[in-house]
Amino acid sequence: MSILDNYTDFMVEKYENFPQSRYLTLIVLRKAESEMIFRTEGSGEGLARDTVYAGLEDRDEPISRVTISKRKQTAVERRTGRELLRQNNLLFYAAGEREGDEDDICALNRNKPCGICADCMIYGYAVGGGGAQKSRVITDDAFSILSYQTVTAKRTFNALYDNNTMRDPVTGDASSSIQEDEYVKPETLFIDMQTLKDLTAIEIRYVIANILRSRRYGAISSRLGKMQNMLVGAIFSDCELFSNLELTQSVYDRLGSNGKKFPLDETQVKLQIVASVADLSHGVIGNLQILSDTDLEALINEIQQTFVSPTSVKSLLESITNLYA
């Protein structure tokens, strides 16, 4: 018996084309474990940030916070899930494409979604000229708890030649490839919420696994960008809840002046997230069911046990795919 069996009123039994008002909001604490770079496009730009009030009560002066855009979060987690789908041959040919050509198998950003795999049907897709599925994973920008000035630094780097110097060994010319990047410091904490809408129990396990198994975010992810995702809370409801920003501001208020030194105490932050969720939930007009710590831990353990076994993973992915037959 799964822990999710206790919450069947908040989940759908099968995939439905029409909205059913069944929501599960996941509260995720993201912890930088190396230098990280979150920016818009290209290189050389500064880190993505927004100016907002520090807290819900602390509104004396706005502060800048580093943001991780919604796309930079879900894109990583989609790719994590798609790797497993590809490994188990559960990515399919786009409609109208000739089978046998590997270039026509469902892939991101190639305008050739198959429209029947778990990734397409959970995270959404769109085809120019027809066919679309709205994402059932609703996301928002994640904000750093502390200010931009506190959690960032700059580092200068260069590109050396084979002779380990900045001078071309053939021409003798000096290199001009000296650049400077802003980065997010290790141990920086971000609060994020992902809302799953009208998902079945097996789809929920798939999405949570994608979050917990994703470890690299941001630019230059082959050398930077190590992150740990921790599931701190889960709330079933019949409506959407408060926002990422509200939750971040509430936690900031609760930390108090003595608890805002970098790096933050991770244990203390988790406690304040739980307290803030309980407080903000009072302002939600709807039916809410917050998973207890015991149930949340049991759910995570269930998912861990499933993904230990390749056979169990394949069975899970095949069960999800069969929902859309």
Side-chain angles (χ1 to χ4, degrees), residues 1-8 10-15 24-34 72-92 105-108 114 116-124 135-137 139 142 192-217 221-222 225-236 270 291-324:
M1 180 177 177
S2 168
I3 288 298
L4 293 178
D5 291 339
N6 298 326
Y7 302 92
T8 54
F10 293 96
M11 297 180 291
V12 296
E13 295 182 1
K14 60 181 181 178
Y15 171 76
L24 172 59
T25 300
L26 305 174
I27 311 298
V28 182
L29 181 63
R30 302 187 187 272
K31 176 184 176 182
E33 294 188 327
S34 70
K72 292 189 181 300
Q73 298 170 68
T74 55
V76 172
E77 289 150 17
R78 288 188 75 165
R79 290 194 293 269
T80 297
R82 289 178 68 88
E83 288 178 3
L84 284 179
L85 293 172
R86 187 174 295 108
Q87 180 181 338
N88 289 280
N89 298 315
L90 291 172
L91 292 174
F92 307 105
I105 291 180
C106 182
L108 292 177
C114 65
I116 54 174
C117 70
D119 178 74
C120 285
M121 297 302 290
I122 294 175
Y123 290 95
S135 175
R136 291 183 287 150
V137 179
T139 60
D192 181 41
M193 296 168 60
Q194 291 198 21
T195 301
L196 317 185
K197 184 177 181 181
D198 299 332
L199 263 61
T200 65
I202 52 178
E203 290 174 313
I204 287 170
R205 293 189 188 95
Y206 173 75
V207 173
I208 293 176
N210 288 346
I211 294 171
L212 297 180
R213 296 176 69 246
S214 297
R215 297 304 302 268
R216 293 274 180 180
Y217 292 78
S221 59
S222 60
K226 194 75 169 180
M227 180 174 288
Q228 180 185 7
N229 296 323
M230 294 163 278
L231 187 58
V232 180
I235 310 164
F236 284 103
K270 288 181 180 179
L291 267 70
S292 66
D293 291 343
T294 302
D295 281 0
L296 184 63
E297 184 178 353
L299 176 59
I300 294 172
N301 287 337
E302 280 182 22
I303 294 170
Q304 287 176 329
Q305 291 303 313
T306 297
F307 279 77
V308 163
S309 166
T311 303
S312 298
V313 171
K314 184 172 184 177
S315 177
L316 174 72
L317 298 178
E318 288 177 341
S319 297
I320 296 173
T321 303
N322 290 336
L323 293 172
Y324 323 124

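What you see below is based on every heavy atom in this structure, not just the backbone, and it leaves out hydrogens, waters and symmetry mates.
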Practice prompt. Decide yes or no on side chain to side chain contact (heavy atoms under 4.5 Å, CB included) for Arg78 and Val137, but give the supporting numbers first.
Written response: CA-CA 11 Å; Arg78 288 188 75 165; Val137 179; over 6 Å; no
Kindly compute the distance separating [atom1] ([X]) from [atom2] ([Y]), expressed to the nearest 0.5 Å.
| X | Y | atom1 | atom2 | answer |
| --- | --- | --- | --- | --- |
| Ser2 | Ile303 | OG | CD1 | 8.5 Å |
| Arg79 | Asn210 | CZ | CG | 12.0 Å |
| Ile122 | Ile320 | CD1 | CD1 | 5.0 Å |
| Leu196 | Glu203 | CG | CD | 9.5 Å |
| Cys114 | Leu91 | SG | CG | 6.5 Å |
| Asp119 | Arg86 | CG | CZ | 9.5 Å |

[X] vs [Y] side-chain heavy atoms within contact, under 4.5 Å:
| X | Y | result |
| --- | --- | --- |
| Val76 | Arg216 | no |
| Arg215 | Glu33 | yes |
| Ile211 | Asp192 | no |
| Val313 | Gln87 | no |
| Leu199 | Leu24 | no |
| Gln73 | Ser214 | no |
| Glu77 | Tyr217 | yes |
| Tyr123 | Thr139 | no |

Discussion item. Just checking Asp293: does its CG atom have more than 12 heavy atoms from other residues, nucleotides or ligands closer to it than 6.0 angstrom?
Written reply: no
Worksheet item: Where the side chain of Thr200 meets the backbone of Val12, is there a donor-acceptor pair that is under 3.5 Å apart?
Response: no
Fill in: Any donor-acceptor pair under 3.5 Å from Asn88 side chain to Lys314 backbone
no
For the student: nearest non-hydrogen atoms of [X] and [Y], plus distance:
| X | Y | value |
| --- | --- | --- |
| Ile204 | Leu4 | CG2-CD1, 4.3 Å |
| Glu318 | Leu90 | N-CD1, 3.9 Å |
| Leu29 | Lys270 | CD2-CG, 4.0 Å |

Practice prompt. Could I get the full list of ring pair (Phe, Tyr, Trp, His ring centres under 6.0 Å) partners for Phe236, not counting sequence neighbours?
Written response: Tyr7, Phe10
Practice prompt. Could you list the residues that satisfy ring pair (Phe, Tyr, Trp, His ring centres under 6.0 Å) with Tyr15, not counting sequence neighbours?
Written response: Tyr324
Worksheet, complete the sentence: Those residues at least two apart in sequence (or on a different chain) that pass side chain to side chain contact (heavy atoms under 4.5 Å, CB included) with Leu231 are Leu26, Val28, Ile208, Leu212, Leu296, Ile300
Discussion item. Pair Leu316, Phe307 - check side chain to side chain contact (heavy atoms under 4.5 Å, CB included), show working.
Written reply: CA-CA 9 Å; Leu316 174 72; Phe307 279 77; 3.9 Å; yes
Practice prompt. Check step by step if side chain to side chain contact (heavy atoms under 4.5 Å, CB included) holds for Arg82 and Cys106.
Written response: CA-CA 10 Å; Arg82 289 178 68 88; Cys106 182; 3.6 Å; yes
